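What follows is one structure encoded as structure tokens, with my remarks underneath.
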Amino acid sequence: MDDGGKTRTQLLVELQQLRQQFRTLSEVQQQLIDRYERDLRRAHDMQMGLMPRRAPRMPGFDFAGYCVPARHVGGDLYKYHQLQDGRLVGLLADATGHAMEAMIPIMIFAGIVESYLTMTASVDEVFGNLNLALHTALPPQTFVCLCMGILEPRTRTLSIANSGCPYPFHYVAASGTLDEVALDGYPLGANPAAVYEMARIALAPGDRVVFCSDGVVETLNDRGEFLGHEGLADRILAGCRRGLSAREILRDIVKDVAAFRGDVSQADDITGIVVGAQERP
Amino acid sequence: MREASATVSHERDVVVIRVSGYVSRESSPELERALAQADADRTVLAFDDDCFIDSTGLAALMAFLLPAKAAGRAIRLVHPRVHFRRVFDVVGLSGDFEVFADLATAARPWPAGDAGTT
């Protein structure tokens with residue numbers, strides 16, 4: 001007999017029952033985890049399915065894009081859109097927040113922007129229209145930062161508008177310098193009265209334009225330091241001066257960001273687009 | 001990093017809200033509480049050097065800064081770190097609110113009749 005008045009046999013039976021209950025609970029827990037993982041994988045595939053499988057082809061230019069969410073899903077997105085008049089639109093967007101709370105707004109945005117790019121006569125008007133639409137459609141305190149470039153292959157000009165994304169970089173091959181395209185603007189949906197400017201830059205052979213999300217510049221290392229705009233600019237400049245292609249520059253940015261981060265886990269989504277200008281065909 | 005906390009103090013006719021910690025969506029109630037206490041036309045919102053502001057924190061900031069400006073309140077922003085002053089530029093806040101690197105400069109006397117316009 002034990003202190004509780006139970007026989008050893010009774011205790012062994014209870015222990016066996018407890019083990020069985022624990023096994024059942026573990027199985028149920030694993031099933032829930034598996035289901036959650038499956039749902040997240042589907043959501044991840046759905047989000048990644050919105051992004052291009054391959055870069056567009058346009059004589060005289062090369063392009064590269066990249067997006068890796070910090071978790072299964074995230075709030076970053078990049079897309080290309082070929083207009084009927086031959087111009088190519090490239091966009092990089094970043095919704096407020098992280099993971100699922102950011103993925104849903106970015107999915108809403110993806111649908112709206114596609115409609116506007118297809119239906120709006122003037123792409124210049126897209127930012128204003130998107131801002132008003134998202135101000136209504138998104139939940140409070142949920143915005144979308146968007147940087148959009150419209151490439152006109154005939155004139156080799158790139159028109160850029162920005163609503164809260166880090167400034168794009170323009171490598172000017174003739175001078176070997178890296179300029180920032182300093183366009184400020186409220187994130188879309190934040191301020192219905194916001195007005196967005198568009199900058200136009202001429203692309204000469206060897207020029208590169210690099211768009212990155214804030215997850216790149218805000219990459220933290222184990223000393224709590226940001227990669228920062230200057231850190232990113234140094235890396236881009238080095239790659240451009242070596243004459244790397246759009247794809248190679250993006251590959252190096254991704255590698256450098258990972259090296260800078262070291263053992264620190266990725267905190268935010270990392271997205272970039274690089275446009276390269278080559279000799280006229 | 002700990003969640004943001006805010007303290008309110010008065011310097012002459014200016015209310016100073018000092019914010020430290022991690023500013024995110026969860027900081028909204030704390031920031032709103034502080035702003036409600038800051039019952040003045042002129043307010044300095046001063047972030048400490050250790051203050052990290054993520055995108056949800058920026059959204060929370062805009063959610064109360066823009067209506068406050070529309071209501072005629074003049075608000076100055078302070079962040080000692082270049083990175084975040086640059087973020088204020090990029091997201092458009094610098095166009096509507098003066099941004100400073102330190103509290104001493106931000107809290108200097110404001111021009112007469114400056115409330116609501118920066």
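Fair warning: this is a prediction, and the values are worked out from it, not measured in the lab. Protein chains get the first letters and strands the later ones, always in sequence-line order, with residue 1 at the start of each.
Using a 4.5 Å cut-off between heavy atoms, V82(B) does not touch chain A at all. F84(B) touches chain A through its side chain: at least one heavy atom from C-beta onward sits under 4.5 Å away, while N, CA, C and O do not. Of the atoms belonging to S28(B), it is side-chain heavy atoms, and not backbone ones, that fall under 4.5 Å from chain A.
Highest contact tally toward chain A, considering only A60(B), G57(B), A63(B), is held by A60(B) [criterion: heavy-atom pairs under 4.5 Å]. Chain A forms more heavy-atom pairs under 4.5 Å with one residue of D89(B), L58(B), L61(B) than with any other, namely D89(B). Of the listed residues (T142(A), N191(A), N162(A)), the one with the most heavy-atom contacts under 4.5 Å to chain B is N191(A).
The closest side-chain heavy-atom distance from L66(B) to Y186(A) is below 4.5 Å.
Of residues 47-56 of chain B, those residues lying under 4.5 Å from chain A by any heavy-atom pair are F52(B), D54(B), S55(B), T56(B).
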Side-chain donor-acceptor pairs of residues 228-240 of chain A under 3.5 Å, sequence neighbours excluded:
| unit_1 | atom_1 | unit_2 | atom_2 | d |
| --- | --- | --- | --- | --- |
| H229(A) | ND1 | R86(B) | NE | 2.9 |
| H229(A) | NE2 | R86(B) | NE | 3.1 |
| R235(A) | NH1 | G231(A) | O | 2.9 |

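When all heavy atoms of A59(B) and T96(A) are compared, the closest pair comes out as CB-CG2, 3.8 Å. Across all their heavy atoms, P140(A) and R25(B) have their closest contact at O-NH1, 4.1 Å.
Heavy-atom neighbours of E225(A) CD from other residues, nucleotides or ligands within 6.0 Å: above the threshold of 12.
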